[in-house]
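The structure appears below as structure tokens.
All heavy atoms count here, side chains included; hydrogens, waters and symmetry mates do not.
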Amino acid sequence: MRKIILFFVTISCQNVFSQELFVITDPASNVPANSLGVNVMQSLFKEEMKSGYNYHFMPEVSYGLNKNIMFRASAFVSNRNSQLVTEGGSFYTKYRFYSTDDLNSHFRLAAYGRYSFNNADIHQEQIEILGHNSGFETGLIATKLIKKVAISSSISFEKALDNKPSYPFPDNIGDNATNYTLSFGKLMYPKKYTNYKQTNINLMVEFVGQTINENGKSYLDVMPAVQFIFNSQARLDFAYRQELVSSMVRSAPNGFYFNLYYTFFDLKKQK
């Protein structure tokens, strides 16, 4: 039987499953060992300082080396200059260093790091190395599964670097920040999970925030989402991100996400 732990966690012989993948935050769980995840990430955000919308296309590929270590590579494409241009990419790794399993729940802890390079202009105080800034990020993630509910939280340090070759990071804004997230997800359908071929529907809400360490400027966003999983292998995400509070300059804080994710399981067995 194919492994389906990318999407669900099986707890004892009761076959209790729950979703652990969120739209923009990572849980402490990993891509299944020897499996490849391909994610077509797209976002469309309303510009605040000019008319129009900011479109980002960010395909990524994730590989599970084993149950504790995974790697990911991403590319950044946007229409910021009125045409689709490849602006950079990133490399990401996550290490799950703690795991406990009970009858109807489990708990995971993981550490991660990301390095990104980007050649786009620097146009906001918010630091975002996933698509906007060159730089690096390192942090910790904790995820708790309780029956059909997943709760995940993270904290990280993020440092922005120059967007080479043409855009040095401005001296008048802070170049490092603390990020924090809190995410909730629940399996809504089916009410009784019988096999991995059933279509599953998950509802979730994510809170994403940042504080610039140098000046204390911050923001907090909320993002409700609906997620569909087909055959425990293909996944569709639809989400809307809304700024709740902010004291910093952000070029496009509000908008939509659409993700299409597909997993190729047990690559070594397929050879």
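- No donor-acceptor pair closer than 3.5 Å links the side chain of S116 to the backbone N or O of G135.
- Here the side chains of L203 and K186 are not in contact, with every heavy-atom distance at 4.5 Å or above.
- Side-chain contact check for S35 versus L267: every heavy-atom pair is 4.5 Å or farther apart.
- In this structure, F57 is not a member of the same hydrophobic cluster as V85, with clusters built from ILVMFWY side-chain heavy atoms closer than 4.5 Å.
- Within 6.0 Å of CZ on F91 lie no more than 12 heavy atoms contributed by other residues, nucleotides or ligands.
- We find the OH-CG distance between Y53 and N79 to be 12.5 Å, quoted to the nearest 0.5 Å.
- Residues K147 and S105 are not in side-chain contact: their nearest non-hydrogen atoms beyond the backbone lie 4.5 Å or more apart.
- Within a 6.0 Å radius of NZ in K192, other residues, nucleotides and ligands contribute 12 heavy atoms or fewer.
- With a 4.5 Å cut-off on side-chain heavy atoms, I122 and F169 count as touching.
- For E158 and Q210, the side-chain atoms include at least one donor-acceptor pair closer than 3.5 Å.
- Between the side chain of S246 and the backbone N or O of M248 there is at least one donor-acceptor pair closer than 3.5 Å.
- If you check the side chains of T25 and S183, you find a donor sitting under 3.5 Å from an acceptor.
- Distance check: L187 CG to K191 NZ gives 8.5 Å after rounding to the nearest 0.5 Å.
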side-chain contact (heavy atoms from CB on, under 4.5 Å) between L109 and L140, intermediate numbers included: CA-CA 7 Å; L109 287 173; L140 296 172; over 6 Å; no
Quick one: do M188 and N202 satisfy side-chain contact (heavy atoms from CB on, under 4.5 Å)? Show the steps, please. CA-CA 5 Å; M188 305 301 294; N202 300 282; 6.0 Å; no
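- Note that CG of D101 is 7.0 Å distant from NE2 of H106, once rounded to the nearest 0.5 Å.
- Using a 4.5 Å heavy-atom cutoff, the side chains of I151 and T143 are not in contact.
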Chi angles and distances behind the side-chain contact (heavy atoms from CB on, under 4.5 Å) call for F184, F22: CA-CA 8 Å; F184 302 89; F22 299 96; 5.6 Å; no
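- Taking each heavy atom of M204 and G185 in turn, the nearest pair found is CB-CA, 3.8 Å.
- The shortest non-hydrogen separation linking P165 to N119 is CD-CB, 4.3 Å.
- Cluster membership check: V208 does not share its hydrophobic cluster with I155, using side-chain heavy-atom separations under 4.5 Å among Ile, Leu, Val, Met, Phe, Trp and Tyr.
- Residue Y92 is tested with Y115, Y112, F136 for a ring-ring contact (aromatic ring centres under 6.0 Å, His included); the sole match is Y112.
- In this structure, CG in N30 is found 6.5 Å from CZ in R96, a value given to the nearest 0.5 Å.
- At a cut-off of 3.5 Å, with distance as the only test, a side-chain donor of E137 or S156 sits close to an acceptor on the other residue.
- Within the 4.5 Å cutoff, the side chain of S90 has no heavy atoms near those of the F117 side chain.
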V61 and F71: CA distance, side-chain angles, deciding distance, side-chain contact (heavy atoms from CB on, under 4.5 Å) verdict: CA-CA 8 Å; V61 177; F71 302 99; over 6 Å; no
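- Ring geometry for H132 versus H123: interplanar angle over 60°, hence perpendicular rather than tilted (30 to 60°).
- Looking at every heavy atom in both residues, N34 comes nearest to L65 through OD1-O, 3.9 Å.
- The closest donor-acceptor contact from the side chain of K94 to the backbone of S29 lies under 3.5 Å.
- Using a distance-only test at 3.5 Å, with no hydrogens or angles considered, a donor-acceptor pair links the side chain of N66 to the main chain of N68.
- Atom OH of residue Y95 and atom CD1 of residue I69 lie 6.5 Å apart, to the nearest 0.5 angstrom.
- Using modelled atom types and a 3.5 Å distance limit, the side chains of S99 and R108 yield a donor-acceptor pair.
- There is no side-chain donor-acceptor pair under 3.5 Å between E47 and S51.
- We find the NZ-CG distance between K217 and N215 to be 5.5 Å, quoted to the nearest 0.5 Å.
- Cation-pi check for R250 over Y219 is met; the charged atom lies under 6.0 angstrom from the ring centroid and within 45 degrees of its normal.
- F97 approaches A110 most closely through the heavy-atom pair CE2-C, 3.6 Å.
- In this structure, V205 is a member of the same hydrophobic cluster as L182, with clusters built from ILVMFWY side-chain heavy atoms closer than 4.5 Å.
- Counting only residues at least two apart or on different chains, the side-chain hydrogen bond (donor to acceptor under 3.5 Å, both in side chains) pairs with a member in residues 161-171 are S134-N163.
- In summary, the side chains of Q124 and S251 do present a donor paired with an acceptor at a separation below 3.5 Å, with no hydrogens or angles considered.
- With hydrogens and angles ignored, the 3.5 Å screen pairs a side-chain donor or acceptor of N118 with a backbone N or O of A120.
- By the salt bridge (Lys or Arg N to Asp or Glu O under 4.0 Å) test, D175 is found to be paired with K159, residues two or more places apart in sequence or in another chain being considered.
- Side-chain contact between V77 and H56 is absent, with no heavy-atom pair separated by less than 4.5 Å.
- The two residues D221 and E243 make their nearest non-hydrogen contact at OD1-CA, 3.2 Å.
- If you chain together hydrophobic residues whose side chains sit under 4.5 Å apart, Y63 and V38 fall into the same group.
- No path of Ile, Leu, Val, Met, Phe, Trp and Tyr side chains, each step under 4.5 Å between heavy atoms, connects F256 with L260, placing them in separate hydrophobic clusters.
- Listed here is the closest heavy atom pair of Q233 and T263: NE2-O, 2.7 Å.
- Judged by distance alone, the side chain of Q227 and the main-chain N or O of L21 form a donor-acceptor pair under 3.5 Å.
- Among the candidates Y257, Y240, Y55, the single residue satisfying the ring-ring contact (aromatic ring centres under 6.0 Å, His included) test with F45 is Y257.
- Using a 4.5 Å cut-off on side-chain heavy atoms (C-beta onward), D237 and F228 make no contact.
- Cluster partners of L130, using a side-chain heavy-atom cutoff of under 4.5 Å among ILVMFWY residues and allowing indirect links, are M41, M58, F76.
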